[in-house]
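Structure first, then comments.
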Amino acid sequence: MKRILLLPLFILMCKLVVAQTYIIGVQAPITGSFASEGQGINNAIQLLVAQTNAAGGINGDTFKVVTCDDQGNPQNAVICAKTLVDAGAKVVIGSYSSTATEASQAIYAKAGVIQTSDATANNLIVHAYPTYFRNSFNDNIEGNFTADYFVNIKKYKRIVILGDFSAFSTGLSASVINNIKALKGNIVYTGKITSGDNDFRAILTKIKALNPDVIYYSGYFIEGALLRSQEVSLGIKADFVGGNSNDNPQFLKIAGSKAKGSYLIGLPLPQQLDSQQAQQFVADYAKKYNSPIPSIWTITNADGLLTVFAAMKAIKTNDPILVAKYIHGSIRNMPCLTGYMTINNQGEREGNIYQVSQIQSNLKYKVVYH
Amino acid sequence: MQVNKSIFIISLIICSIGFPFLANNIWLSIITTFLIYSALSLSQDLILGKAGIYAMGHAMFFGIGAYTFAILINTYNVNLFIAFMASGIISYCIGLIIIYPIKHLRGDYFLVVSLGLNIIFINIINNDPFGLTGGPNGIFAINFPSVGGLDLTGAKAIYFIALIFLSVMILLFYRLNYSKFGRAIYYLNHDHIAAKSVGIKPSLNKLLSFSLGTMLAGFTGAIYTLQYGAVSPEAFGIEQSILLFAVVIVGGQGSLIGVVAGSFVMFVLPEIFRSYAEYRLLVFGAAMVILMVIRPNGLFPSKFGFFQKRHLQQK
Amino acid sequence: MLNIFLQQLINALTYGSLIGFIALGYSLVYGILKLINFAHGHIVTFAIFITMSMLTQFLALHTLGFILALSLALIITIGVTIVLEIVAYRPLRRSNRLSLIVSALGAGMVIENAVMLIWGPNPRVFPDINFFQGTINLNGVVVSELNLFILFLNIVVMSILYLFINKSRTGIAIKALSLDYQTAQLMGVNINKIIVLVFVLGAILGSAGGILIGLTYKTISFNMGFEYGLKAFIAAIIGGIGSIPGAMLGGLIIGILQTLSAGYISSIWANVITYSLLILLLIVRPRGLLGQKDIEKV
Amino acid sequence: MTKLLIQNLSKQFAALVALDNISLELETNKIYGLIGPNGSGKTTLFNCISGVYKPSSGNITFAHHSIINMAPEKIAQLGIRRTFQTIRLSSELTVAENIYAGYHHYSKHNFIQALFNLKGYRQDEIHCWREVHRAAKLLDIEPHLRLKVKTLAYGIQRKVEIARAIISQPQLLVLDEPAAGMNESEKIELTHIIKQIQLQNITILIIEHDMHMISTLCDTVFVLNHGKLIASGSPTEILNNKQVISAYMGDEHA
């Protein structure tokens, strides 16, 4: 009988947790394979909120962060979304991956909670939820930029496209391939590797026989760096170009001296952001957490929250529906950590801050095209 | 004893019916997930605990059911009920086709083959064959048609669907011990040489218990799709299969209460400790070790007996 | 074309050897306890990380530092293995096999997440060492010195292990234990000592494989044990679990299948092809390639 | 009438020849003994008859069916039931449940009937319960029916195994050292029980080391040594056979 009594007790306990302050939710992969990114996002949001509270809050509200670990998978994303809605979150930052974001979108939209994420999959905007906006740029913008660079600038004749099996990489590959085809570029090989594997010499040896000008990789930095270093040690002469998720200091460490000469297409690295505000944020983060910001995605998410704060200040209310309405269309060229924020009516971030950087012999990035 | 037991069961029924009207959204969703995973774990238990087949790829059949349901509804606009039946039946057929050539493999060799099949399955749905599975993204925002004016996608509706399904499964499993089939797989699992020597057919029963297990997993997959409105490959990977395997052992092989309790421990407790994110899995792993050391036969080891008490009293 | 094929073969053999090293750990433990030690892959991960820490600590001392770092790392790994055996496996030795498997799964989770908490969730980079850095280019076929060393070590380790198991007193005790637990005990074999020894042996071989993985691929992450452990475990089964040459053979087969299917058929379907072939292999040879057919006592 | 006919049966394990060209014949409703030193191939012969091992060559015919390549469960369904040298019972189950296993094949209900406890199921259960009682009565273990097997003495467990083998009215009962580990009074009781079983029209083949038991029970005795059938005949003939004595005692006693 005791067991039966426990259940309502649990329910009561959960009801009590509802807090009094304005709650900002973070839905991010705190554990699992994207753990470093998720923890970075959480840290950055905690830092921003602490700073905002220290400055007296906004419109009389102080903020509190509630974090939920979605492990990057959609099932947990749904639970997280419900948890955060029930915890009274009015704004949610997240999630990191497109899959988890897509799974949670409908729940936040239904509950009238503002959601912003760095996920780049094109289809996140399909439903045009009035509360969702993107704080990074979608795949198509990057695909277009990459294809233009390959076909028109570098004039590559034999292009190899590689990706992994993640939703992100698949989407980006598809977008790059479509854009290259539209520009009549010549793709000689498309293939996939499994993330988590370390040995890609088999596929590289095959590629070697095709004698390509360039190998483009749309997946993440670990495999990217391994591909690059194994490419060099197999004596393949083709250029290596990595998509935006290769933007990570780890790329240089893993590939070591073999990294030099390779290109990266993506947003600027946290350290490359030139605004005073951005440098200050990078320094504050390093000071508080004693480790560098894991990637640019941490900062675009911080931008997402800053956009919400800016909107609150602009319309002098913290009501999520009104704030969301303002963000869709009224945020134009707002200075932020990653440059300027423009959100269109669909919630898509407009503009383009993509750049191509080449790794120099001193293992520093040099922007060669933007 | 008898009276106590009926009081317990009646209050359990009342509680489970009343629960969705008292609980908030998160708990409703967590408990619904728990019901679904309990049913799934029971279907794994039929294969692993009851029939003693070391299958470590059960998430695959869960996935087959979930994808079948999602594809039929999303791409082909099939009637909800037909799609539901189809997800179980297709899962059953695939289970049957798969086990047939490997039914002679024993123990760990079977385990590896089932793991391998699970990896193959994930690879296939990731590659988006015929544009059906949506690749690594999976299938999202499935629009379920309403059935006879009833919206089955509300949290409460799904809760009751899961509850009814689990109840049916519990009834099924409870009566299994008293049936010819249940007894046959018990003998075979316990000592297949002795069982064969009294004329119990090993391969038929192995095929049957495996494919029935996969069919039930297929149905469960459909309910899962109904709850989340989305399917994607991660939910059906080998990590999930390993977890399901562990649930049965942690709960107690072949034990109805044990497996349900095991699902609670493995799927619901982690939700409660979600805020301890980084330490969660560490503690969880340690708990698994401690639990096994303290209770090597699981939380509630199965008590098997296949003659009902009233039969025994008759004579 | 031949060049490409030779290159693929070398790729396959080096990758396969690395898997084989880890597979040996599974096979040794399985031979005695009939336990699939799911924590083995994570022990290997732990060994890699501790080696990395030690190497960064002592690398200034060059060769001496390298040896010092390796031995310290190995001692710590062995310590962890022994603790694991005593805490998670020993109490369950006499109970149901499956609970032992689940206990191993739990232990693996503990180690994996402990590694994450100690070294952080970010992937880390294995430090460079001063030797085996060159590559040899034979008419377009590229072989790194490290690759050659791995193949060489593979042969050496296999021979030593073979001699140890078949000729030494302890080795024979291990064999006796794997054949008949109770009789071996009656014959005066100290079971606890032998089992610990086997775990330690597995951990050392796994660590060797792990360190070579670190040196070859440079990048290490807390969750790499799962992937490698799984492959190695499958390799051990394919080779015939319990058999020492079988584990190595299984590793090589996985290496070859994966390399050839990715290199010659399709990278997108590589996993499907590899695992389908492995399953077919098991259907044809239900006890693995070198596994012994056991006759059931009735 | 011939019940079981074994012709030129051989079984090889790698280099070891366990059975070498054995031929023998069992007739209906008689008790046969199979003796021989340890390792002479007695149990291997049993395993070949019951289908656990596939013989290397030769033929076995049972009631005009060749059972040489038949699966063990098919052979059991034809009516050959056996016991094992080491007890193979489900120790967590009660005596009744263990005995029931033998009847399992004849149980008629389907799953739907069992699920809803329908009439067919209830009748079937009552019938099978009656059969269990009958078998238990024959073996004199009725008082233990509701006890778990693991709580019982070794001698009783042996009897449970025999009860499981005879519940379904086999035509041939193959007993592998049924008296092993029993004391004298239990052996006498067992001898009596086996005679009772024979009266149910069951042919019995029995492996036993106790010569006294063999000579009181058996009509014919077969002697195996090193996988070869070295003698067969009535118990008195066998006890005086020189070859048999030398097989048991060593050559110097011959």
- Task: Flag the one option from C:S103, C:P286, C:A107 with the top tally of heavy-atom pairs under 4.5 Å to chain B.
- Result: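 Most heavy-atom pairs within the cutoff with chain B belong to C:P286.
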- Between B:Y37 and B:Q44, a side-chain donor and acceptor under 3.5 Å: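 Absent: no donor and acceptor within the cut-off.
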- Message: Side chains of C:N37 and C:Y89: any donor to acceptor distance under 3.5 Å?
- Response: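 Yes - a donor-acceptor pair under 3.5 Å links their side chains.
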Provide the closest heavy-atom pair for [X] versus [Y] in the form atom of the first, atom of the second, distance.
X	Y	result
C:L18	C:G209	CD2-O, 4.0 Å
C:I273	C:S261	CG2-CB, 3.7 Å
B:G237	B:N118	O-OD1, 3.7 Å
C:S178	C:K34	O-NZ, 4.0 Å
B:S263	B:V247	N-CG1, 3.6 Å
B:I242	B:M56	CG1-SD, 3.8 Å

Given heavy-atom pairs under 4.5 angstrom as the criterion, report whether the side chain, backbone, both or neither of [X] touches chain B.
X	answer
C:L282	both
C:T274	neither
C:L98	both
C:R97	side chain
C:L105	both
C:S95	side chain
C:L230	side chain

[X] portion near chain C, given a 4.5 angstrom heavy-atom threshold:
X	answer
B:L111	side chain
B:Y54	side chain
B:I124	both

- Task: Could you tell me the separation between the CG atom of B:L207 and the CD1 atom of B:I99, rounded to the nearest 0.5 Å?
- Result: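 So the CG of B:L207 and the CD1 of B:I99 are separated by 5.5 Å.
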- Task: For the residue pair C:F49 and C:W119, categorise the inter-ring angle as parallel (less than 30°), tilted (30 to 60°) or perpendicular (more than 60°).
- Result: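 Tilted: the ring planes of C:F49 and C:W119 meet at 30° to 60°.
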- Item | Ring-face cation of B:K206 near B:F210 (centre distance under 6.0 Å, axis angle within 45°) |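 Geometry flag: not set, cation outside 6.0 Å or 45°.
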- Message: Between B:Y186 and B:H190, is there a side-chain heavy-atom distance shorter than 4.5 Å?
- Response: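 Side-chain contact under 4.5 Å: yes.
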- Counting a contact as any heavy-atom pair under 4.5 Å apart, which residues of residues 289-297 of chain B contact chain C?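 Heavy-atom contacts from residues 289-297 of chain B to chain C are B:V289, B:M292, B:V293, B:P296, B:N297.
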- Item | Residue-level interface, residues 125-133 of chain B with chain C, non-hydrogen cut-off under 4.5 Å |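 Counting heavy atoms that sit under 4.5 Å from chain C, the residues of residues 125-133 of chain B involved are B:N127.
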- Largest heavy-atom contact set with chain C, pairs under 4.5 Å, which of B:L48, B:I122, B:L282, B:D108: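 Heavy-atom pairs under 4.5 Å are most numerous for B:D108.
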- Item | Winner by heavy-atom pair count (cut-off under 4.5 Å) against chain C, out of B:I238, B:V250, B:V283 |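 Highest number of heavy-atom pairs under 4.5 Å: B:I238.
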- Item | B:F267 ring center near B:F34 ring center (under 6.0 Å) |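 No, too far apart.
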- Which one of B:S241, B:S114, B:S43, B:S41 satisfies the side-chain hydrogen bond (donor to acceptor under 3.5 Å, both in side chains) criterion with B:H58?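 For B:H58, the side-chain hydrogen bond (donor to acceptor under 3.5 Å, both in side chains) check succeeds only for B:S43.
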- Given B:F62, which of B:L216, B:T214, B:L40 fulfils the side-chain contact (heavy atoms from CB on, under 4.5 Å) condition?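 Result for side-chain contact (heavy atoms from CB on, under 4.5 Å) with B:F62: B:L40.
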- Message: Taking side-chain contact (heavy atoms from CB on, under 4.5 Å) as the criterion, tell me which of C:T81, C:V80, C:V87 meets it with C:V83.
- Response: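 With C:V83 as partner, side-chain contact (heavy atoms from CB on, under 4.5 Å) holds for just one option, C:V87.
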